[in-house]
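Letters go in sequence order (proteins before strands), and every chain restarts at 1.
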Number of protein chains: 2
Amino acid sequence: MSDQPHILVVDDHRDIRDLLGRYLRQHEYRVSLASDGRELRKLMADDIAPDLIVLDLMMPGEDGLSLCRWLRENHDVPVVMLTALGEETDRIIGLEMGADDYLAKPFNPRELLARVKAVMRRAQSLPVGRKGPLPGGQVHFDRWILDRTRHELRDANDVMVPLSAGEYGLLCAFVEHPNMVLNRDQLLDLTRGREAIPFDRSIDNQVSRLRKKIEHDAKNPTLIKTVWGGGYMFTCEVAEK
Amino acid sequence: MSDQPHILVVDDHRDIRDLLGRYLRQHEYRVSLASDGRELRKLMADDIAPDLIVLDLMMPGEDGLSLCRWLRENHDVPVVMLTALGEETDRIIGLEMGADDYLAKPFNPRELLARVKAVMRRAQSLPVGRKGPLPGGQVHFDRWILDRTRHELRDANDVMVPLSAGEYGLLCAFVEHPNMVLNRDQLLDLTRGREAIPFDRSIDNQVSRLRKKIEHDAKNPTLIKTVWGGGYMFTCEVAEK
DNA sequence: AGCAATTTGTATCAGATTGTCGCATTTCGT
DNA sequence: ACGAAATGCGACAATCTGATACAAATTGCT
């Protein structure tokens with residue numbers, strides 16, 4: 001058996017499926033194709049165990065969102081979502097549903113390849129395949145404990161650090177998407193959902209405020225890293241407990 | 001025969017064709033023009049073997065999409081597509097799959113040039129066979145430790161050396177391709193991927209900046225060697241840990 | 001309702017990062 | 001050794017980010 005990573009592409013559009021398949025194979029991947037949710041489930045039941053799934057959001061019948069959720073619950077495999085143009089909401093829902101990354105159509109195959117590689121790298125670097133803990137429950141990171149039931153942050157000595165609602169939401173977004181770069185739009189969507197679009201840089205302020213509370217040295221952040229021109233990244237091992 | 005790269009522009013609009021021809025010639029390219037699919041096929045049959053084709057999507061008669069597919073199947077040449085803004089999404093997606101890049105009209109000639117360059121340098125792909133470590137995890141080299149999960153560089157005594165996003169990306173590119181010459185285009189491709197195409201020699205500056213941080217004596221580099229006329233080479237034993 | 005405290009978006013400016021330019025220096029072919 | 005071409009790098013401008021200050025909005029309390 002080959003050691004090429006195995007990718008499963010799920011899209012109802014035949015052209016896209018075939019072209020993606022060809023493109024990924026050209027780049028040293030083993031590729032399987034499925035045209036809808038039924039085929040996806042069948043393949044997963046056959047235990048083909050792909051290393052990554054590329055999933056179209058908009059499909060007749062069962063849509064990508066519920067499929068993604070199903071995958072999350074029943075399989076340990078990273079997912080990259082394809083979302084239609086202009087569907088700002090969907091891409092973020094995709095993230096919330098547990099996709100590891102998304103890509104808006106139209107996209108360059110080259111870019112998809114880059115994301116696939118990046119997601120694989122993350123999946124590989126973490127003990128479990130999963131990128132971050134599911135929402136809910138207690139979470140440990142660095143020397144902190146975040147209790148998502150009580151919305152509280154405590155340090156190793158159980159001393160509580162008060163967080164404002166905004167700070168808490170931002171921290172949750174980070175905790176649920178660790179070790180991946182989140183740009184300001186994504187962070188806004190994750191924290192404020194679909195509400196009014198505030199000034200892009202309001203998030204900077206929140207980051208700044210949050211850093212002051214959780215970073216050992218806010219001037220040299222180790223938890224929330226700035227990615228110049230890209231956004232922010234929560235670089236930390238996150239453990240569900 | 002000249003060593004200028006040869007570009008074939010296919011567009012039914014005379015003014016666009018001429019404008020592009022003039023602009024690309026100004027920038028050291030050899031340019032041929034075709035006004036429709038018939039001419040394109042004829043030129044290809046004549047074996048003019050362009051290094052790249054700029055192809056308009058919307059053309060009377062045979063459209064760009066089917067032409068692109070035809071090119072894919074019968075010739076090994078990169079294609080940059082021109083698409084009108086607001087065209088039906090599905091069609092665009094289809095074309096994305098076949099073309100190496102696309103550009104929405106109206107476009108800035110400068111931007112087209114950037115894409116053309118990017119696609120070309122991609123075509124001269126990296127040698128196969130990876131010699132360095134896979135992305136992800138910790139990596140040791142010289143007296144340094146590069147943590148690709150935290151995006152941090154530390155010395156043997158665990159003292160962190162702050163790297164900017166650009167410096168970090170460049171170092172990763174080197175670490176993942178050690179002991180092989182990487183030219184500037186390849187380095188740009190590895191660090192910036194698909195994005196804006198900066199002045200070729202911006203990479204020189206990044207190398208210079210990186211050297212100052214990781215070389216013992218930046219004036220006599222031992223880690224990042226200059227290969228005159230070829231690029232740079234990371235000469236170092238890299239160990240995954 | 002009235003008022004203070006808290007939270008959060010916006011404005012602003014200092015500092016950091018990065019692409020580009022210009023010129024000195026190095027390298028190579030002749 | 002000489003000139004052409006390639007590279008090194010300091011300088012600069014454009015852009016991005018961090019942090020402070022402030023105003024608007026929200027909340028808690030009487």
Side-chain angles (χ1 to χ4, degrees), chain A residues 151 153 161-173 181-185 187-193 195-215 217-233, chain B residues 3 27-28 110-111 113-114 117-118 151 153 160-171 173 181-193 195-215 217-233:
Chain A
H151 288 212
L153 179 69
V161 172
L163 293 181
S164 77
E167 288 157 1
Y168 171 78
L170 182 61
L171 183 54
C172 281
V181 178
L182 298 168
N183 65 38
R184 293 183 170 73
D185 279 341
L187 287 170
L188 280 174
D189 284 337
L190 285 171
T191 52
R192 251 165 297 277
E195 287 163 39
I197 307 150
F199 181 42
D200 262 25
R201 296 201 48 210
S202 61
I203 217 72
D204 292 37
N205 230 317
Q206 289 292 43
V207 168
S208 180
R209 284 160 180 152
L210 184 55
R211 272 176 176 160
K212 277 182 199 160
K213 296 193 178 177
I214 69 170
E215 292 281 1
D217 174 13
K219 298 279 179 182
N220 294 65
T222 59
L223 287 174
I224 305 176
K225 289 262 172 64
T226 300
V227 180
W228 209 89
Y232 297 94
M233 180 167 58
Chain B
D3 59 349
H27 287 84
E28 320 273 311
R110 188 179 145 79
E111 170 133 26
L113 184 65
K117 280 173 118 174
H151 288 213
L153 179 70
M160 217 182 89
V161 173
L163 293 182
S164 75
E167 289 157 1
Y168 172 80
L170 183 61
L171 182 54
V181 179
L182 299 169
N183 66 37
R184 292 180 172 73
D185 282 341
Q186 290 171 322
L187 285 170
L188 279 176
D189 205 32
L190 286 170
T191 52
R192 247 162 295 279
E195 290 158 40
I197 282 58
F199 179 43
D200 272 20
R201 295 201 49 211
S202 61
I203 219 72
D204 293 37
N205 237 314
Q206 287 292 43
V207 168
S208 176
R209 284 161 180 151
L210 184 55
R211 273 175 174 161
K212 277 182 199 162
K213 295 195 178 177
I214 68 171
E215 292 281 1
D217 174 13
K219 297 280 180 181
N220 295 67
T222 60
L223 287 174
I224 305 176
K225 289 260 174 64
T226 300
V227 180
W228 207 87
Y232 298 94
M233 178 164 58

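- Of the side-chain N and O atoms in B/Ser208, none sit less than 4.0 angstrom from OP1 or OP2 of D/dG10.
- Side-chain atoms of A/Glu215 do not come within 3.5 Å of backbone N or O of A/Asn220 as any donor-acceptor pair.
- Atom CD in B/Glu167 sits roughly 7 Å away from atom P in C/dT17 (whole-Å rounding).
- Contact between B/His151 and A/Lys225 at its shortest, heavy atoms only, is O-NZ, 4.2 Å.
- The separation between B/Tyr232 atom OH and C/dT26 atom C1' is 12 Å, rounded to whole Å.
- For B/Lys219, taking side-chain heavy atoms from C-beta onward, the closest of the listed nucleotides D/dC9, C/dT12, D/dT7 is D/dC9.
- For the pair B/Thr226 and D/dG8, the criterion of a side-chain N or O lying under 4.0 Å from OP1 or OP2 is met.
- Remark: P of C/dT18 and CG of B/Leu188 are 14 Å apart, rounded to the nearest angstrom.
- B/Tyr168 comes within 4.0 angstrom of no nucleic acid atom, judged by non-hydrogen atoms across all strands.
- Checked options A/Asp185, A/Leu182, A/Leu187; the residue passing with A/Ile203 is A/Leu187 (criterion: side-chain contact (heavy atoms from CB on, under 4.5 Å)).
- Where B/Asp204 and B/Lys212 each meet DNA chain D at their nearest nucleotide, the meeting point lying more 5' is that of B/Asp204.
- Taking side-chain N and O atoms only, B/Arg211 has a distance below 4.0 Å to OP1 or OP2 of D/dG8.
- OP1 or OP2 of C/dT12 has not a single side-chain nitrogen or oxygen of A/Arg201 nearer than 4.0 Å.
- Residue B/Arg209 is in base contact, counting any heavy-atom pair closer than 4.0 Å across all strands shown.
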